[in-house]
Student: 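Next up is a structure, given as C-alpha cells.
Throughout, a chain's letter reflects where its sequence line sits, starting with A, and its residues are numbered from 1.
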Protein chains: 2
Amino acid sequence: MDSTSTQTKIDDITPAEWELMRIVWTKGSVYSRELISLMQQKRDWSDSTIKTLLRRLVQKGLLNTEKEDRKFKYTAAVEEIKAMDVTARQLFDHLCAMKRGQTLVNLIDHLELSQSDIESLQAVLTEKKKTAPETVKCDCLPEGMDETCDCN
Amino acid sequence: MDSTSTQTKIDDITPAEWELMRIVWTKGSVYSRELISLMQQKRDWSDSTIKTLLRRLVQKGLLNTEKEDRKFKYTAAVEEIKAMDVTARQLFDHLCAMKRGQTLVNLIDHLELSQSDIESLQAVLTEKKKTAPETVKCDCLPEGMDETCDCN
DNA sequence: ACTCAACGTTTACATTTGTCAACTCAAAAA
DNA sequence: TTTTTGAGTTGACAAATGTAAACGTTGAGT
C-alpha cells in the first residue's frame with residue numbers, strides 16, 4: 001500500500017479518529033478551525049494533535065478535502081452507517097459465535113434506544129426467527145475440533 | 001501503571017490477543033504447547049509470537065498461570081462474557097447515539113443467531129420498549145451544541 | 001511594505017502491537 | 001553423563017497511534 005494509494009481503510013479507524021469523524025459526519029463539512037474548536041470542547045487535545053489526526057484521516061481515505069481560499073474544507077469520504085457497520089461486524093468477529101447473542105442482549109439492555117429503534121429491531125428479529133437455526137456452534141477452536149469445545 | 005500492577009486491562013484486548021483468549025476461554029485451561037498448536041491451526045504465527053502474546057496477556061492480567069511441573073497452565077482471569085460486554089460497549093460508545101439502533105439492526109441482520117438468542121433479544125426489547133424514549137439525540141458534538149447537529 | 005495571525009506541513013517521540021530470533025534451563029533421552 | 005528438546009525469558013524491530021512542537025506561507029490589518 002504505497003502513499004499514492006487512495007484505498008479507503010474504513011476498517012481501521014482508531015478511537016481518536018472516531019471522535020473527529022463523528023464531528024465531520026454530523027456537520028456534513030467543516031473547516032479545520034471549526035473542527036479543532038469543536039474537538040477541543042470535548043477533548044484536551046492541542047491544535048497540532050488534531051491537525052495530525054486530520055492528515056492521517058485524509059491519507060487513509062476517510063476524509064476528503066476541498067481547498068477553499070487558503071483553508072481546507074473537510075468532508076467524510078465514507079458513509080457513517082457504513083463505517084459503523086464494518087466496525088461492529090469486525091468486533092463481533094472476535095467473539096465466540098455461540099455467545100454473540102448473549103452479548104447483544106447485554107448490549108441492548110445497556111443502550112438507550114428509541115421507540116422506533118426498538119420497533120425496527122423487533123421487526124428484523126421476527127423476520128430472522130423464521131429461518132434461524134436451533135443452535136449456533138462455538139467457532140473458537142480450529143476447524144474440525146469443535147468436539148473439544150467446552151463451551152457452556 | 002508500573003509493571004508490578006496487576007490491574008486487569010479488560011478493555012484493552014488487541015485483535016491478536018482475542019484469538020488466544022478465545023481458545024483459553026473455550027478450553028478452560030491450557031498449556032502453552034496446546035495453545036500454540038491450536039493457534040497455529042488457525043494462524044500462521046511462530047511459536048515465539050504466541051509466547052510473546054501469552055506473556056503480554058499475563059502482564060495485562062487477562063491470563064493467570066499456574067506452574068505445573070516445568071510448564072504453565074494458563075487460565076482466563078476474566079470472564080468471557082464480561083470481556084465481550086466491555087468491548088461491545090466500548091465500540092458503541094464511539095458511535096453516534098442516534099444511529100446505534102440502526103447499527104444494531106444491520107448487525108443483527110448480518111449475524112447468525114439461534115432461536116433462543118432471538119427469543120432472549122425479543123424479551124429484552126419488549127421490556128425495554130416500556131420505558132424507551134421517543135427519540136435519542138445525537139451526541140457527536142460538544143454539550144449544548146446539539147442544535148447544530150445535522151443528523152438526518 | 002511590514003508584521004502578524006491563521007493554516008497547513010514537517011519532524012519528533014514515546015507507546016503499543018504484531019512478529020520473531022536468540023538464549024537459558026532443566027527434564028528427558030541416549 | 002552428555003545431548004537433545006521443550007518451556008519460558010530477553011531483546012529486537014517495524015508499523016501504528018497518541019501527542020505535540022516547530023516551521024513555512026500567505027492573506028489581512030497597520
Side-chain angles (χ1 to χ4, degrees), chain A residues 1-3 5 7-21 24 29-40 42-75 87 90-91 94, chain B residues 1-3 5 7-22 24 29-40 42-75 87 90 94:
Chain A
M1 180 102 46
D2 59 41
S3 49
S5 144
Q7 175 78 59
T8 296
K9 298 171 116 174
I10 199 178
D11 59 338
D12 193 34
I13 303 178
T14 72
E17 291 171 347
W18 267 106
E19 311 246 22
L20 284 172
M21 290 302 292
V24 179
S29 77
V30 248
Y31 290 103
S32 60
R33 175 86 324 258
E34 195 178 0
L35 214 24
I36 291 174
S37 91
L38 285 172
M39 208 47 228
Q40 292 180 330
K42 308 188 82 183
R43 307 308 209 108
D44 188 27
W45 290 343
S46 76
D47 289 27
S48 258
T49 299
I50 300 174
K51 290 179 192 175
T52 298
L53 291 171
L54 246 18
R55 178 169 49 76
R56 289 182 184 160
L57 282 168
V58 172
Q59 271 175 197
K60 286 188 181 177
L62 296 170
L63 285 182
N64 284 141
T65 52
E66 198 184 323
K67 200 155 208 134
E68 201 162 287
D69 256 318
R70 312 296 131 202
K71 10 185 194 173
F72 279 136
K73 189 193 314 183
Y74 293 87
T75 44
T87 307
Q90 211 175 224
L91 167 69
H94 291 144
Chain B
M1 178 103 45
D2 59 44
S3 49
S5 145
Q7 174 79 60
T8 296
K9 297 171 115 174
I10 200 178
D11 59 339
D12 192 34
I13 304 178
T14 72
E17 292 171 347
W18 267 105
E19 310 246 20
L20 284 172
M21 290 303 292
R22 289 178 69 165
V24 178
S29 78
V30 247
Y31 291 103
S32 59
R33 176 85 323 260
E34 194 178 1
L35 214 24
I36 291 174
S37 91
L38 285 172
M39 208 46 230
Q40 290 179 333
K42 309 188 83 184
R43 306 310 208 97
D44 188 28
W45 290 342
S46 76
D47 288 29
S48 257
T49 299
I50 300 174
K51 288 179 189 174
T52 298
L53 290 171
L54 247 19
R55 177 168 48 76
R56 290 181 183 162
L57 282 168
V58 172
Q59 271 174 198
K60 287 188 181 176
L62 295 171
L63 285 183
N64 283 140
T65 52
E66 199 184 323
K67 200 154 207 135
E68 201 162 287
D69 257 319
R70 313 294 131 204
K71 11 185 193 174
F72 278 136
K73 190 192 314 185
Y74 292 87
T75 43
T87 307
Q90 211 175 223
H94 291 143

Student: Looking at the side chain of Thr14(B), which of dG18(C), dA7(D), dT9(C) is the nearest nucleotide?
Tutor: dG18(C)
Student: Answer yes or no: side-chain N or O of Arg70(A) and base N or O of dT9(C) forming a donor-acceptor pair under 3.5 Å.
Tutor: no
Student: With respect to the phosphate group of dC7(C), does any side-chain polar atom (N or O) of Arg33(A) fall under 4.0 Å of OP1 or OP2?
Tutor: yes
Student: Taking CG from Leu54(B) and C1' from dT10(D), how many angstroms apart are they, rounded to a whole number?
Tutor: 16 Å
Student: Which nucleotide, dT9(C), dT10(C), dT10(D), lies nearest any side-chain atom of Arg55(A)?
Tutor: dT10(C)
Student: For dA22(C), take OP1 and OP2 only and decide whether either is under 4.0 Å from a side-chain N or O of Lys51(B).
Tutor: no
Student: Whole angstroms only, please: what is the CD-C1' distance between Glu19(B) and dT17(C)?
Tutor: 14 Å
Student: Going by an N to O cut-off under 4.0 Å, is there a salt bridge joining Arg33(B) and Asp47(B)?
Tutor: yes
Student: Could you tell me the separation between the CG atom of Asp44(B) and the P atom of dC20(C), rounded to a whole number of Å?
Tutor: 7 Å
Student: On DNA chain D, does the nearest nucleotide to Phe72(B) precede the nearest nucleotide to Ile50(A) from the 5' side, or the other way round? Give the residue.
Tutor: Phe72(B)
Student: Can you tell me which nucleotide in dG18(C), dA21(C), dT17(D) comes closest to the side chain of Asp12(A)?
Tutor: dT17(D)
Student: From C-beta outward on Lys71(A), which listed nucleotide comes closest to its side chain: dG8(D), dA22(D), dG8(C)?
Tutor: dG8(C)
Student: Measuring to OP1 and OP2 of dA20(D), would you say a side-chain N or O of Thr49(A) lies under 4.0 angstrom away?
Tutor: yes
Student: Do you know which two heavy atoms are closest between Ser46(B) and Gln40(B), and how far apart they sit?
Tutor: C-NE2, 3.7 Å
Student: Please determine whether the number of non-hydrogen atoms from other residues, nucleotides or ligands lying under 6.0 Å from atom CG of Asp44(A) exceeds 12.
Tutor: no
Student: Is any N or O donor-acceptor pair between the side chain of Ser32(B) and the base of dA7(D) shorter than 3.5 Å?
Tutor: no
Student: Tell me which nucleotide among dT19(C), dT10(D), dG8(D) gets nearest to the side chain of Leu53(B).
Tutor: dT19(C)
Student: Show your working on side chain to side chain contact (heavy atoms under 4.5 Å, CB included) between Trp45(B) and Leu53(B) and close with a plain yes or no.
Tutor: CA-CA 11 Å; Trp45(B) 290 342; Leu53(B) 290 171; 3.8 Å; yes
Student: With hydrogens left out and only the distance checked, is there a donor-acceptor pair under 3.5 Å joining Arg43(B)'s side chain and the base of dG18(C)?
Tutor: no
Student: Quick check on DNA chain C: between Lys73(A) and Thr52(A), whose nearest nucleotide comes earlier from the 5' end?
Tutor: Lys73(A)
Student: Of the options Thr75(A), Ile36(A), Leu35(A), Leu63(A), which is the one that meets Val30(A) in a side-chain contact (heavy atoms from CB on, under 4.5 Å)?
Tutor: Leu35(A)
